[in-house]
Amino acid sequence: MNLYKYVSESINNKLGFIANLEVPRNRAFGDFSTNAAMVMAKSAGKNPRELAAEILPQLQELDFVADASIAGPGFINIKLRNDFLWRAASQQKNAKTTAPKKIDLDYGGYNVGKALHIGHLRTSIVGDTFNRIAKYLGHTTKSYNHIGDWGRPMGLIIAWILEYGMPTNAHELNKIYPASTERAKNDDAWMARAKEITAELQSGNPEYKQIYDDFMKISLAQMDDVLHRLNLLPFDATMGERGVAPYVADTQKILEEHNLLTESDGAMIVNVKTDNDNAPMPPLMFRTSSGTQTYAAADLSAIYYRTKTDHPDIIGYFTDSRQNLHFQQVFRVAKMAEITNAELFHTGFGALTGSDGKPFKTRDGGVAELLDILDLSTDAVRSRVSDAGKKLDDETISAIALAAVKFNDLLHDVRADYVFDPNQITSFEGRTGPYILYTAVRLNSVLKRAGDIKNTTATELTDDERNLLIATLDFERTVQSAFDNRATDMIANYAYDLCQLANTFYHNCPILRDDVDDATRARRLQIVQITRDTLASAIDLMGLTIPNEM
RNA sequence: GCGCCCAUAGCUCAGCUGGAUAGAGCAUCGGAUUUCUAAUCCGCAGGUCGCAGGUUCGAAUCCUGCUGGGCGUGCCA
């Protein structure tokens with residue numbers, strides 16, 4: 001049950017007034033507080049405290065209110081009845097929306113012929129978690145991996161392969177693009193050749209197409225490997241620049257019908273600047289002067305394709321914030337040309353920086369590869385396990401290591417830059433993924449030892465028990481809020497807060513010890529079960545798995 | 001130049017509904033288990049919420065200006 005929503009609506013119905021329900025920072029004040037009296041006081045021309053005294057009896061009539069009192073400038077603090085709390089917490093959670101939507105999600109966006117690097121971490125993890133959140137709420141999603149598989153990098157790679165031969169594995173393949181780009185910097189003829197090959201590949205040159213198909217296989221296998229290791233939901237479609245290429249002509253036709261396309265310096269552009277813009281708003285480039293497809297054309301055509309085939313209510317993108325302007329342009333054109341009616345959103349991530357505030361680089365100055373980061377974390381877990389004299393299998397070690405990386409990434413506000421510190425990834429105390437999993441393992445361990453759990457009732461609850469139950473009742477609101485705000489970090493922060501309360505409870509409230517009476521034991525076991533189930537749901541939304549032991 | 005984003009404890013971050021004494025983790029220091037997993041728990045200490053104004057009964061939160069940083073600003077994707 002969404003406790004907050006229930007209490008808030010009940011109070012509003014009772015008072016016939018939309019009041020603001022808050023959770024007091026200091027829990028000693030109560031479980032909830034409302035500023036209704038303070039807000040109403042102004043229009044009523046009354047003193048807030050006097051008004052609070054008038055509405056207090058009405059609130060006390062509500063069946064879930066154990067106690068309501070006036071505090072400070074006119075807050076009304078409410079304490080919930082224990083039996084109500086118990087019934088609410090014992091209910092099956094149901095966060096399903098009453099208005100399910102069709103949502104196309106675009107994240108991942110990997111590049112063919114390049115290793116996945118640290119920059120792909122957020123789009124993968126945050127996009128995947130958002131997808132899981134949307135599904136949890138009952139929406140229908142379709143996830144697209146809009147891969148970079150048709151642009152100039154393809155020409156650069158093919159040019160290299162023509163000269164030096166086909167790579168046999170991903171490691172070799174990944175070296176080609178950087179090498180070829182480096183050469184193009186000082187070799188204009190090489191760059192011209194790459195551009196030419198790109199244009200010819202796009203217009204169907206069979207020789208280039210064959211080479212392309214060959215290294216594409218290596219690249220797709222590499223992507224699958226990473227997806228698997230990150231425990232991401234499989235993409236519903238891996239369809240990128242090339243996949244939408246057949247729809248560019250249709251899209252172009254629509255732009256022409258709306259008289260939006262103009263020619264400029266040999267390129268085809270759409271002017272998107274309006275008189276209201278004081279921001280720089282360059283035109284959207286639909287086709288380059290050398291005749292190649294642009295990424296804007298690909299994204300527009302993707303919107304066209306998705307609208308035609310999926311009829312989505314929402315199309316959402318998760319990429320880094322450097323593409324903010326790009327998506328602004330694309331969205332404007334999509335609306336100007338009436339390509340879609342769907343709500344379009346783009347969530348741009350901040351960068352991962354080093355401790356100097358500059359984009360994160362490895363010690364040798366290179367870009368950190370994603371798999372290297374997972375390996376780093378795995379090694380740290382392994383040595384910690386062996387230091388502690390524990391024996392855990394590889395699967396468990398991988399699960400813990402992955403939790404460390406993913407949770408660290410999910411924890412931060414997606415819009416802000418955050419400092420990426422390898423030491424933090426390999427430190428497992430406090431607010432970390434391993435802490436979350438450890439808590440779940442502890443709770444599972446109690447349940448396993450306890451055997452069957454019978455439902456019970458409770459009217460007396462200790463503070464530790466109450467706080468924990470109330471926290472579990474905040475889960476549905478958190479998921480909804482994470483969805484509304486596209487803020488996956490809310491899930492991670494919620495999970496951490498829940499774990500803190502769970503560990504405090506665990507420490508202070510013995511359950512299976514001999515000196516615990518039956519009623520207390522039954523009550524606490526049920527609390528453990530409720531907490532475990534809630535935590536497991538949060539862990540699942542983050543795409544983590546709970547090990548059997550830690 | 002112009003635009004967007006960011007600035008909270010030594011460090012990393014919450015505070016996404018404008019509320020009461022601004023919260024965590026790490027690091028430092030001090031405690032707790034012959035006990036359901038110590039990757040845990042409890043405590044001490046640590047803050048002019050970048051600066052200056054404004055709106056409000058009330059501002060870390062909203063507005064304006066400034067400073068500092070990141071990113072972007074038509075043929076890379």
Side-chain angles (χ1 to χ4, degrees), chain A residues 20-26 29 33 35 38 41-42 48 71-75 77 109 111 148 150-153 181 241 264-269 277-285 287-290 292 294-296 298-299 320-326 328-329 348 350-351 353 355 357-359 381 384-385 388 390 400 408 411-413 415-419 421 423-424 427-432 434-435 437-439 441-443 445-450 481-482 484-487 489-490 492-493 496-497 500 503-504 506-516 524-525 528 549-550:
Chain A
N20 202 2
L21 189 70
E22 290 164 18
V23 178
R25 226 179 272 282
N26 186 343
F29 287 133
S33 84
N35 65 351
M38 286 148 85
K42 196 160 200 179
F75 292 104
N77 291 320
N111 297 308
W150 208 231
R152 187 174 307 161
T181 306
E241 296 162 352
S264 169
D265 296 335
M268 286 160 67
I269 63 166
D277 280 317
N278 44 8
M281 188 51 71
L284 174 139
M285 178 153 305
R287 194 183 165 103
T288 67
S289 51
S290 53
T292 48
T294 63
Y295 69 126
D299 276 320
D320 79 85
S321 60
R322 285 177 297 188
Q323 299 194 27
N324 284 352
L325 180 58
H326 163 68
Q328 250 181 32
Q329 295 176 309
T353 71
S355 48
K358 301 247 165 65
V381 173
R384 187 180 180 98
V385 165
K390 293 181 181 178
I400 298 169
N408 178 64
L411 197 58
H412 301 87
D413 180 343
R415 293 163 203 83
D417 291 356
Y418 82 89
V419 175
D421 179 357
N423 291 329
Q424 216 177 317
S427 139
F428 306 124
E429 253 118 77
R431 199 179 45 181
T432 64
Y435 175 84
L437 296 187
Y438 181 74
T439 309
V441 168
R442 279 180 130 184
L443 299 177
S445 173
V446 172
L447 294 173
K448 206 184 295 172
R449 283 166 184 273
S481 198
D484 292 341
N485 293 296
R486 297 164 214 145
D489 53 293
M490 291 176 114
N493 281 299
Y496 176 69
D497 291 343
Q500 274 199 313
N503 279 312
T504 300
Y506 183 91
H507 192 265
N508 292 341
C509 303
I511 302 164
L512 300 176
R513 273 170 28 179
D514 291 342
D515 57 346
V516 178
R524 288 180 178 168
L525 277 174
V528 169
E549 58 170 339
M550 268 181 84

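Letters A, B, ... are given to chains in the order of the sequence lines, protein chains preceding strands, and every chain is numbered from 1. Treat the numbers as computed from the prediction; the structure is a model and nothing was measured.
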Checklist entry - What does B:U40 pair with, Watson-Crick or G-U, if both distances are under 3.5 Å? => result B:A32

Next on the checklist: If only side-chain N and O atoms count, and only distance matters, is there a donor-acceptor pair under 3.5 Å linking A:Thr353 with A:Asp417?
Outcome noted: no

Next on the checklist: Between the base of B:C41 and the side chain of A:Asn508, is one N or O donor paired with an acceptor at under 3.5 angstrom?
Outcome noted: no

Checklist entry - Counting just side-chain N and O atoms, does A:Arg442 come under 4.0 Å of either OP1 or OP2 of B:A38? => result yes

Next on the checklist: Using a heavy-atom cut-off of 4.0 Å across all strands, would you classify A:Ala71 as base, sugar-phosphate, or nothing?
Outcome noted: base

Next on the checklist: Once you apply a heavy-atom cut-off of 4.0 Å, does A:Arg25 come out as touching a base, just sugar-phosphate, or nothing?
Outcome noted: base

Checklist entry - Could A:Arg442 and A:Tyr506 be counted as a cation-pi pair, given that NZ or CZ must be under 6.0 Å from the ring centre and within 45° of the axis? => result yes

Next on the checklist: Side chain of A:Arg449 only, heavy atoms from C-beta on: which candidate in B:C36, B:G74, B:G19 is closest?
Outcome noted: B:C36

Checklist entry - Parallel under 30°, tilted from 30 to 60°, perpendicular over 60°: which one fits the rings of A:Tyr295 and A:His326? => result parallel

Checklist entry - Base, sugar-phosphate, or nothing: which does A:Ala351 touch, judged by heavy atoms less than 4.0 Å apart? => result nothing

Item to check | Nearest-angstrom distance, P atom, B:G69 to B:G30 | outcome: 40 Å

Next on the checklist: For the C1' atoms, the ones on B:G1 and on B:G19, what distance do you get once it is rounded to whole angstrom?
Outcome noted: 41 Å

Next on the checklist: Please name the nucleotide paired to B:A7 by Watson-Crick or G-U wobble geometry with both distances under 3.5 Å, or report none.
Outcome noted: B:U67

Next on the checklist: When you measure from the side-chain N and O atoms of A:Gln328 to the phosphate of B:C4, is any distance below 4.0 Å, counting only OP1 and OP2?
Outcome noted: no

Item to check | Whole-angstrom distance between B:G18 and B:G10, as gauged at atom C1' | outcome: 30 Å

Next on the checklist: Is any side-chain heavy atom of A:Arg384 closer than 4.5 Å to one of A:Pro434?
Outcome noted: no

Next on the checklist: In whole Å, measure the gap between the C1' atoms of B:G15 and B:U61 for me.
Outcome noted: 9 Å

Item to check | Criterion salt bridge (Lys or Arg N to Asp or Glu O under 4.0 Å) on A:Glu549 and A:Lys448, from CA distance to verdict | outcome: CA-CA 12 Å; A:Glu549 58 170 339; A:Lys448 206 184 295 172; over 6 Å; no

Checklist entry - Is the phosphate of B:C76, meaning OP1 or OP2, less than 4.0 Å from a side-chain N or O of A:Thr181? => result no

Checklist outcome for this item: A:Asp484 atom CG is separated from B:C16 atom C1', nearest whole Å, by 11 Å

Item to check | Expected output: side-chain A:Asp265 to main-chain A:Ala267 donor-acceptor under 3.5 Å | outcome: no

Item to check | A:Tyr438 side chain near A:Ile400 side chain, heavy-atom distance below 4.5 Å | outcome: no

Next on the checklist: If you define the side chain from C-beta out and look only at heavy atoms, does anything of A:Asn35 sit under 4.5 Å from A:Asn20?
Outcome noted: yes

Item to check | Rounded C1' spacing from B:A24 to B:A45 in Å | outcome: 16 Å

Next on the checklist: Over all strands shown, is A:Val528 touching base, sugar-phosphate only, or nothing at heavy-atom distances under 4.0 angstrom?
Outcome noted: nothing

Checklist entry - Just checking A:Asp417: base, sugar-phosphate only, or nothing, at a heavy-atom cut-off of under 4.0 Å? => result sugar-phosphate

Checklist entry - Reckon A:Glu22 touches a base, only the sugar-phosphate, or nothing at all at heavy-atom distances under 4.0 Å? => result base

Next on the checklist: Please tell me if A:Lys448 has a side-chain N or O lying less than 4.0 Å from either OP1 or OP2 of B:U37.
Outcome noted: no

Next on the checklist: Heavy atoms from C-beta onward define the side chain here; which of B:U73, B:A39, B:C75 lies closest to that of A:Arg152?
Outcome noted: B:C75

Checklist entry - Taking the P atom of each, how far is B:G46 from B:G23, in whole Å? => result 14 Å

Next on the checklist: Between B:G72 and A:Asn324, counting only base atoms on the nucleotide and side-chain atoms on the residue, is there a donor-acceptor pair under 3.5 Å?
Outcome noted: no

Next on the checklist: By the 4.0 Å heavy-atom rule, please label A:Thr292 as base, sugar-phosphate, or nothing.
Outcome noted: nothing

Next on the checklist: Over all strands shown, is A:Asn485 touching base, sugar-phosphate only, or nothing at heavy-atom distances under 4.0 angstrom?
Outcome noted: base

Checklist entry - RNA chain B: A:Met285 or A:Ile511, which has the more 5' nearest nucleotide? => result A:Ile511

Next on the checklist: Counting the atoms with a prime plus P, OP1 and OP2 as sugar-phosphate, which does A:Ala267 contact under 4.0 Å by heavy atoms, base, sugar-phosphate, or nothing?
Outcome noted: base

Item to check | Donor-acceptor pair (no angle test) under 3.5 Å: A:Asn20 side chain, B:U17 base | outcome: yes

Item to check | Under 3.5 Å donor-acceptor pair, A:Asn423 side-chain atoms to B:A27 base atoms | outcome: no

Item to check | Rounded P spacing from B:A7 to B:A27 in Å | outcome: 25 Å

Checklist entry - For A:Tyr435 and B:C41, is the shortest distance between a side-chain N/O and OP1 or OP2 below 4.0 Å? => result yes

Item to check | Spacing of the C1' atoms in B:G25 and B:G70 (rounded, Å) | outcome: 25 Å

Checklist entry - Taking atom types as modelled, is there a side-chain donor on A:Asn503 or A:Tyr435 under 3.5 Å from an acceptor on the other? => result yes

Next on the checklist: Can you tell me the base-pairing partner of B:C62? Count Watson-Crick or G-U wobble geometry only, both distances below 3.5 Å, and say none if there is no partner.
Outcome noted: B:G54

Next on the checklist: In whole Å, I'd like the distance from the CG atom of A:Leu411 to the P atom of B:A14.
Outcome noted: 7 Å

Next on the checklist: Mind checking if A:Leu21 touches a base, just sugar-phosphate, or nothing, with heavy atoms under 4.0 Å?
Outcome noted: base

Next on the checklist: On RNA chain B, compare the nucleotides closest to A:Met281 and A:Arg384; which residue's is nearer the 5' end?
Outcome noted: A:Arg384

Checklist entry - Rounding to a whole Å, what distance do you find between A:Asn77:CG and B:G19:P? => result 15 Å

Checklist entry - Looking only at N and O atoms, is any donor in the side chain of A:Ser321 or the base of B:C71 less than 3.5 Å from an acceptor on the other one? => result no

Checklist entry - Considering only side-chain heavy atoms of A:Arg431, which listed nucleotide, B:A32, B:A39, B:A24, is closest? => result B:A24

Item to check | Heavy-atom donor-acceptor pair, A:Thr432 side-chain to B:A39 base, under 3.5 Å | outcome: no

Checklist entry - Do A:Phe75 and the base of B:G19 stack face to face, with centres under 5.5 Å apart and an angle between planes under 30°? => result no

Item to check | Protein-nucleotide distance (A:Tyr496, atom OH; B:A39, atom C1'), rounded to Å | outcome: 12 Å

Checklist entry - So what does A:Val385 hit on the nucleic acid, given a heavy-atom distance under 4.0 Å: a base, only sugar-phosphate, or nothing? => result base

Checklist entry - NA contact type, A:Asp413, heavy-atom cut-off 4.0 Å: base, sugar-phosphate, or nothing? => result sugar-phosphate

Checklist outcome for this item: Considering only heavy side-chain atoms of A:Asn493, the closest of B:A39, B:G74, B:A14 is B:A14

Checklist entry - So what does A:Glu549 hit on the nucleic acid, given a heavy-atom distance under 4.0 Å: a base, only sugar-phosphate, or nothing? => result base

Next on the checklist: Once you apply a heavy-atom cut-off of 4.0 Å, does A:Tyr506 come out as touching a base, just sugar-phosphate, or nothing?
Outcome noted: base

